[in-house]
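Just follow the structure's listing: the first ligand is 1, and inside any ligand the first atom is 1. Nothing here was measured: the structure is a model prediction, and the numbers come from that model.
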Amino acid sequence: MSAVLMDGKVLGKKIRESVKTRSASLREKGIIPCLAVVLAGEDPASMSYVNSKEKALTEAGMDSRDIRLPYGIEEADLLSIIADLNKDDKIHGILVQLPLPDHINEEKITSAIDPGKDVDCFHPVSVGNMVLGRQAFLPCTPHGILVLLGEYNVPVCGSHVVVAGRSNIVGKPLMNLLIRKEYNATVTLCHTGTKDLARFLQQADIIIAAAGKPGLITPAMVREGAAVIDVGINRVQDSASKKGYILCGDVDPAVAEKAAFFSPVPGGVGPMTIAMLLQNVAESAEKRL
Ligand code: NAD
(Lines give C-alpha, C1' and ligand atoms only; values in the text may rest on other atoms or scores of the structure.)
Protein backbone atom coordinates (compact mmCIF):
# COMPACT_ATOMS: atom_id res chain seq x y z
CA MET A 1 0.00 0.00 0.00
CA SER A 2 1.15 3.53 -0.66
CA ALA A 3 -0.46 6.21 1.46
CA VAL A 4 -2.45 9.16 0.19
CA LEU A 5 -0.30 12.15 1.16
CA MET A 6 -2.32 14.68 3.13
CA ASP A 7 -1.21 18.00 1.74
CA GLY A 8 -1.54 20.75 4.33
CA LYS A 9 0.12 23.23 2.01
CA VAL A 10 -2.62 23.01 -0.61
CA LEU A 11 -5.48 22.92 1.91
CA GLY A 12 -3.89 25.67 4.01
CA LYS A 13 -3.66 27.87 0.92
CA LYS A 14 -7.33 27.27 0.10
CA ILE A 15 -8.30 28.28 3.65
CA ARG A 16 -6.05 31.36 3.53
CA GLU A 17 -7.74 32.41 0.27
CA SER A 18 -11.14 32.23 1.94
CA VAL A 19 -9.80 34.22 4.90
CA LYS A 20 -8.55 36.82 2.42
CA THR A 21 -12.09 37.25 1.08
CA ARG A 22 -13.45 37.65 4.63
CA SER A 23 -10.71 40.12 5.39
CA ALA A 24 -11.51 42.20 2.28
CA SER A 25 -15.16 42.35 3.26
CA LEU A 26 -14.20 43.48 6.78
CA ARG A 27 -11.96 46.19 5.34
CA GLU A 28 -14.90 47.49 3.27
CA LYS A 29 -16.74 47.91 6.55
CA GLY A 30 -13.83 49.78 8.11
CA ILE A 31 -12.38 46.92 10.15
CA ILE A 32 -8.81 45.84 9.49
CA PRO A 33 -8.27 42.45 11.12
CA CYS A 34 -5.12 42.71 13.20
CA LEU A 35 -3.10 40.21 15.21
CA ALA A 36 -0.55 41.38 17.77
CA VAL A 37 2.45 39.07 17.64
CA VAL A 38 4.64 39.21 20.73
CA LEU A 39 8.09 37.65 20.69
CA ALA A 40 10.56 37.90 23.56
CA GLY A 41 14.12 36.93 22.75
CA GLU A 42 15.74 35.66 19.59
CA ASP A 43 15.17 31.93 19.57
CA PRO A 44 15.75 31.03 15.89
CA ALA A 45 12.82 28.57 15.65
CA SER A 46 10.42 31.07 17.30
CA MET A 47 11.65 33.86 15.01
CA SER A 48 11.03 31.70 11.99
CA TYR A 49 7.47 30.77 13.19
CA VAL A 50 6.65 34.41 13.90
CA ASN A 51 7.96 35.52 10.50
CA SER A 52 5.84 32.93 8.66
CA LYS A 53 2.75 33.93 10.66
CA GLU A 54 3.28 37.61 9.86
CA LYS A 55 3.86 36.89 6.18
CA ALA A 56 0.64 34.85 6.04
CA LEU A 57 -1.29 37.68 7.76
CA THR A 58 -0.08 40.22 5.21
CA GLU A 59 -0.93 37.91 2.30
CA ALA A 60 -4.45 37.46 3.71
CA GLY A 61 -4.97 41.23 3.82
CA MET A 62 -4.61 41.43 7.58
CA ASP A 63 -2.42 43.61 9.74
CA SER A 64 0.05 42.41 12.31
CA ARG A 65 1.36 44.43 15.22
CA ASP A 66 4.90 43.14 15.51
CA ILE A 67 6.16 43.40 19.08
CA ARG A 68 9.74 42.17 19.43
CA LEU A 69 11.17 42.34 22.90
CA PRO A 70 14.60 41.62 24.35
CA TYR A 71 15.15 38.28 26.13
CA GLY A 72 15.69 40.16 29.37
CA ILE A 73 12.29 41.91 29.40
CA GLU A 74 10.78 42.05 32.90
CA GLU A 75 7.62 40.03 33.49
CA ALA A 76 5.80 43.14 34.76
CA ASP A 77 6.63 45.01 31.55
CA LEU A 78 5.33 42.16 29.41
CA LEU A 79 2.13 42.06 31.47
CA SER A 80 1.69 45.77 30.94
CA ILE A 81 2.15 45.37 27.15
CA ILE A 82 -0.54 42.68 27.14
CA ALA A 83 -2.88 44.86 29.22
CA ASP A 84 -2.52 47.62 26.60
CA LEU A 85 -3.19 45.17 23.75
CA ASN A 86 -6.30 43.90 25.56
CA LYS A 87 -7.65 47.46 25.66
CA ASP A 88 -6.71 48.34 22.09
CA ASP A 89 -9.80 48.19 19.82
CA LYS A 90 -7.65 47.83 16.72
CA ILE A 91 -6.28 44.51 17.94
CA HIS A 92 -8.45 41.42 17.35
CA GLY A 93 -6.06 38.73 18.46
CA ILE A 94 -2.98 38.42 20.67
CA LEU A 95 -0.35 35.78 20.08
CA VAL A 96 2.49 35.40 22.53
CA GLN A 97 5.09 33.13 20.95
CA LEU A 98 6.19 30.36 23.32
CA PRO A 99 8.53 29.43 24.86
CA LEU A 100 9.05 32.62 26.85
CA PRO A 101 12.39 33.49 28.48
CA ASP A 102 13.11 31.31 31.54
CA HIS A 103 12.55 34.09 34.08
CA ILE A 104 9.00 34.76 32.85
CA ASN A 105 6.06 32.79 34.17
CA GLU A 106 4.27 31.47 31.09
CA GLU A 107 1.05 30.79 33.01
CA LYS A 108 0.87 34.37 34.25
CA ILE A 109 1.33 35.73 30.74
CA THR A 110 -1.14 33.46 28.94
CA SER A 111 -3.68 34.10 31.72
CA ALA A 112 -3.34 37.85 31.17
CA ILE A 113 -4.61 37.71 27.58
CA ASP A 114 -8.27 38.70 27.15
CA PRO A 115 -10.06 35.40 26.25
CA GLY A 116 -11.93 37.39 23.57
CA LYS A 117 -8.56 37.92 21.83
CA ASP A 118 -7.04 34.57 22.74
CA VAL A 119 -6.80 33.22 19.18
CA ASP A 120 -4.32 30.52 20.30
CA CYS A 121 -6.65 29.17 23.03
CA PHE A 122 -4.05 29.34 25.82
CA HIS A 123 -6.05 31.19 28.52
CA PRO A 124 -7.55 28.85 31.17
CA VAL A 125 -11.02 30.28 30.45
CA SER A 126 -10.61 29.57 26.72
CA VAL A 127 -9.37 26.05 27.48
CA GLY A 128 -12.26 25.44 29.91
CA ASN A 129 -14.81 26.65 27.35
CA MET A 130 -13.21 24.55 24.63
CA VAL A 131 -13.32 21.41 26.84
CA LEU A 132 -16.97 22.10 27.75
CA GLY A 133 -17.87 22.65 24.09
CA ARG A 134 -18.75 26.30 24.71
CA GLN A 135 -17.77 29.30 22.61
CA ALA A 136 -13.96 29.61 22.34
CA PHE A 137 -11.42 30.00 19.58
CA LEU A 138 -10.30 26.49 18.75
CA PRO A 139 -6.59 25.76 19.32
CA CYS A 140 -4.85 26.13 15.96
CA THR A 141 -2.80 22.93 15.62
CA PRO A 142 -5.48 20.49 16.89
CA HIS A 143 -8.13 22.25 14.81
CA GLY A 144 -5.87 22.14 11.74
CA ILE A 145 -5.42 18.37 12.20
CA LEU A 146 -9.19 17.83 12.37
CA VAL A 147 -9.78 19.93 9.26
CA LEU A 148 -7.05 18.00 7.42
CA LEU A 149 -8.63 14.66 8.41
CA GLY A 150 -12.01 15.98 7.22
CA GLU A 151 -10.65 17.16 3.88
CA TYR A 152 -9.28 13.69 3.11
CA ASN A 153 -12.44 11.95 4.37
CA VAL A 154 -10.48 9.95 6.92
CA PRO A 155 -13.15 8.25 9.04
CA VAL A 156 -12.83 9.69 12.54
CA CYS A 157 -16.25 8.81 13.93
CA GLY A 158 -15.97 5.54 15.86
CA SER A 159 -12.24 5.29 15.15
CA HIS A 160 -9.53 4.59 17.68
CA VAL A 161 -7.12 7.53 17.67
CA VAL A 162 -3.79 7.17 19.44
CA VAL A 163 -2.05 10.46 20.21
CA ALA A 164 1.62 10.51 21.26
CA GLY A 165 2.21 13.64 23.37
CA ARG A 166 0.17 15.28 26.14
CA SER A 167 1.16 18.92 25.77
CA ASN A 168 -1.27 21.74 26.48
CA ILE A 169 -1.06 22.95 22.90
CA VAL A 170 -1.42 19.71 20.95
CA GLY A 171 -2.13 16.42 22.76
CA LYS A 172 -4.55 17.52 25.49
CA PRO A 173 -6.76 19.82 23.40
CA LEU A 174 -6.73 17.35 20.52
CA MET A 175 -8.01 14.61 22.81
CA ASN A 176 -10.77 16.92 24.04
CA LEU A 177 -11.88 17.86 20.53
CA LEU A 178 -11.79 14.27 19.24
CA ILE A 179 -14.15 13.04 21.96
CA ARG A 180 -16.76 15.68 21.08
CA LYS A 181 -19.94 14.11 19.68
CA GLU A 182 -19.22 15.66 16.28
CA TYR A 183 -16.00 13.61 15.98
CA ASN A 184 -16.97 10.67 18.21
CA ALA A 185 -13.51 9.12 18.30
CA THR A 186 -12.14 6.89 21.04
CA VAL A 187 -8.83 8.34 22.14
CA THR A 188 -5.76 6.87 23.77
CA LEU A 189 -3.30 9.52 24.90
CA CYS A 190 0.28 8.28 25.21
CA HIS A 191 3.14 10.13 26.88
CA THR A 192 6.54 9.59 28.46
CA GLY A 193 4.94 7.43 31.17
CA THR A 194 3.41 5.07 28.61
CA LYS A 195 4.87 1.58 28.72
CA ASP A 196 5.24 -0.01 25.31
CA LEU A 197 4.05 2.77 23.00
CA ALA A 198 4.11 0.35 20.04
CA ARG A 199 1.38 -1.82 21.64
CA PHE A 200 -1.03 1.15 21.56
CA LEU A 201 0.04 2.45 18.16
CA GLN A 202 -0.50 -0.95 16.56
CA GLN A 203 -4.18 -0.80 17.59
CA ALA A 204 -4.76 2.67 16.14
CA ASP A 205 -6.94 3.55 13.18
CA ILE A 206 -5.40 7.02 13.37
CA ILE A 207 -2.00 7.89 14.85
CA ILE A 208 -1.15 11.47 15.74
CA ALA A 209 2.50 11.96 16.62
CA ALA A 210 3.26 15.07 18.68
CA ALA A 211 6.18 14.07 20.88
CA GLY A 212 9.02 16.07 19.37
CA LYS A 213 11.15 12.93 18.97
CA PRO A 214 12.58 12.31 15.50
CA GLY A 215 12.12 8.75 14.29
CA LEU A 216 9.86 7.82 17.24
CA ILE A 217 7.33 6.04 15.07
CA THR A 218 8.53 3.34 12.70
CA PRO A 219 6.60 1.28 10.14
CA ALA A 220 6.60 -1.73 12.48
CA MET A 221 4.47 0.26 14.96
CA VAL A 222 1.80 1.12 12.41
CA ARG A 223 -1.18 -1.03 11.43
CA GLU A 224 -1.65 -1.61 7.69
CA GLY A 225 -4.19 0.94 6.42
CA ALA A 226 -3.94 3.36 9.35
CA ALA A 227 -3.88 7.16 8.95
CA VAL A 228 -0.72 8.75 10.35
CA ILE A 229 -0.47 12.44 11.13
CA ASP A 230 2.99 13.73 11.95
CA VAL A 231 2.96 16.92 14.04
CA GLY A 232 6.57 16.89 15.24
CA ILE A 233 8.96 19.56 14.06
CA ASN A 234 12.52 18.57 14.86
CA ARG A 235 15.76 20.19 13.77
CA VAL A 236 18.21 17.42 13.02
CA GLN A 237 21.85 18.26 12.31
CA ASP A 238 22.80 17.64 8.71
CA SER A 239 26.15 18.89 7.44
CA ALA A 240 25.05 18.31 3.83
CA SER A 241 22.31 20.91 4.19
CA LYS A 242 22.98 24.62 3.68
CA LYS A 243 21.49 25.54 7.06
CA GLY A 244 23.39 22.77 8.84
CA TYR A 245 20.13 21.06 9.83
CA ILE A 246 17.02 19.57 8.30
CA LEU A 247 13.46 19.66 9.61
CA CYS A 248 11.81 16.33 10.23
CA GLY A 249 8.86 14.98 12.12
CA ASP A 250 8.40 12.21 14.69
CA VAL A 251 7.49 9.61 12.10
CA ASP A 252 9.76 7.64 9.80
CA PRO A 253 8.42 8.60 6.34
CA ALA A 254 8.67 4.90 5.37
CA VAL A 255 5.31 4.43 7.17
CA ALA A 256 3.77 5.80 3.96
CA GLU A 257 4.25 2.34 2.47
CA LYS A 258 1.97 0.82 5.10
CA ALA A 259 -0.46 3.60 5.97
CA ALA A 260 -3.56 4.53 3.96
CA PHE A 261 -3.08 8.26 4.72
CA PHE A 262 0.05 10.11 5.77
CA SER A 263 0.52 13.74 6.72
CA PRO A 264 4.27 14.42 6.35
CA VAL A 265 6.69 16.97 7.77
CA PRO A 266 7.16 19.46 6.27
CA GLY A 267 3.98 20.28 4.34
CA GLY A 268 1.31 18.69 6.53
CA VAL A 269 0.14 20.09 9.86
CA GLY A 270 2.45 23.16 9.92
CA PRO A 271 0.65 25.12 7.18
CA MET A 272 -2.71 24.10 8.67
CA THR A 273 -1.78 25.65 12.02
CA ILE A 274 -1.16 29.01 10.37
CA ALA A 275 -4.37 28.81 8.32
CA MET A 276 -6.41 28.13 11.49
CA LEU A 277 -4.75 31.05 13.24
CA LEU A 278 -5.79 33.39 10.42
CA GLN A 279 -9.32 31.99 10.58
CA ASN A 280 -9.50 32.76 14.29
CA VAL A 281 -8.32 36.34 13.73
CA ALA A 282 -10.97 36.81 11.02
CA GLU A 283 -13.64 35.37 13.34
CA SER A 284 -12.57 37.69 16.14
CA ALA A 285 -12.66 40.74 13.84
CA GLU A 286 -16.10 39.73 12.50
CA LYS A 287 -17.42 39.80 16.06
CA ARG A 288 -16.84 43.56 16.02
CA LEU A 289 -19.44 44.06 13.29
P1 NAD B 1 6.07 19.19 24.11
O2 NAD B 1 7.39 19.27 23.44
O3 NAD B 1 5.65 20.20 25.10
O4 NAD B 1 5.92 17.77 24.80
C5 NAD B 1 6.14 16.57 24.14
C6 NAD B 1 5.14 15.54 24.62
O7 NAD B 1 5.47 14.30 24.04
C8 NAD B 1 5.13 15.34 26.12
O9 NAD B 1 3.78 15.41 26.54
C10 NAD B 1 5.70 13.95 26.34
O11 NAD B 1 5.03 13.26 27.40
C12 NAD B 1 5.47 13.29 25.01
N13 NAD B 1 6.52 12.34 24.67
C14 NAD B 1 7.86 12.59 24.61
N15 NAD B 1 8.51 11.44 24.31
C16 NAD B 1 7.58 10.49 24.15
C17 NAD B 1 7.63 9.12 23.85
N18 NAD B 1 8.80 8.48 23.62
N19 NAD B 1 6.47 8.43 23.80
C20 NAD B 1 5.28 9.04 24.00
N21 NAD B 1 5.17 10.35 24.31
C22 NAD B 1 6.31 11.05 24.38
O23 NAD B 1 4.92 19.03 23.00
P24 NAD B 1 4.42 20.03 21.89
O25 NAD B 1 4.69 21.43 22.23
O26 NAD B 1 3.05 19.54 21.66
O27 NAD B 1 5.34 19.68 20.64
C28 NAD B 1 5.46 18.37 20.15
C29 NAD B 1 6.08 18.41 18.76
O30 NAD B 1 5.14 19.01 17.86
C31 NAD B 1 7.34 19.28 18.68
O32 NAD B 1 8.21 18.71 17.75
C33 NAD B 1 6.81 20.61 18.17
O34 NAD B 1 7.79 21.34 17.47
C35 NAD B 1 5.71 20.15 17.24
N36 NAD B 1 4.63 21.12 17.04
C37 NAD B 1 4.25 21.34 15.76
C38 NAD B 1 3.23 22.23 15.50
C39 NAD B 1 2.81 22.44 14.08
O40 NAD B 1 2.13 23.42 13.81
N41 NAD B 1 3.17 21.59 13.16
C42 NAD B 1 2.60 22.89 16.53
C43 NAD B 1 2.99 22.61 17.85
C44 NAD B 1 4.01 21.71 18.08
**Student:** Test of understanding: with side-chain contact (heavy atoms from CB on, under 4.5 Å), list the residues that count as partners of Lys243, not counting sequence neighbours.
**Tutor:** Ser241, Tyr245
**Student:** Thinking salt bridges, do Lys87 and Asp84 make one under a 4.0 Å N-O criterion?
**Tutor:** yes
**Student:** With sequence neighbours left out, write down each residue that passes side-chain hydrogen bond (donor to acceptor under 3.5 Å, both in side chains) with Asn51, or none if nothing qualifies.
**Tutor:** Arg68
**Student:** What pairs of donor and acceptor atoms, side-chain ones from residues 26-37 against any protein atom, are under 3.5 angstrom apart with sequence neighbours left out?
**Tutor:**
{"from": "Arg27", "atom 1": "NE", "to": "Gly61", "atom 2": "O", "distance (Å)": "2.8"}
{"from": "Arg27", "atom 1": "NH2", "to": "Gly61", "atom 2": "O", "distance (Å)": "3.1"}
{"from": "Lys29", "atom 1": "NZ", "to": "Ser25", "atom 2": "OG", "distance (Å)": "3.3"}

**Student:** Are Met175 and Val163 packed together at the side-chain level, in the sense that at least one heavy-atom pair is separated by less than 4.5 angstrom?
**Tutor:** no
**Student:** Check each protein residue for a heavy atom under 4.0 Å from ligand 1 and list those that pass, ordered by chain and number.
**Tutor:** Thr141, Gly165, Arg166, Ser167, Ile169, Val170, His191, Thr192, Leu197, Ala210, Ala211, Gly212, Lys213, Leu216, Val231, Gly232, Ile233, Asn234, Val269, Gly270, Thr273
**Student:** Identify whether NZ of Lys or CZ of Arg in Lys108 sits under 6.0 Å from the centre of the six-membered ring of Phe122 and within 45° of that ring's axis.
**Tutor:** no
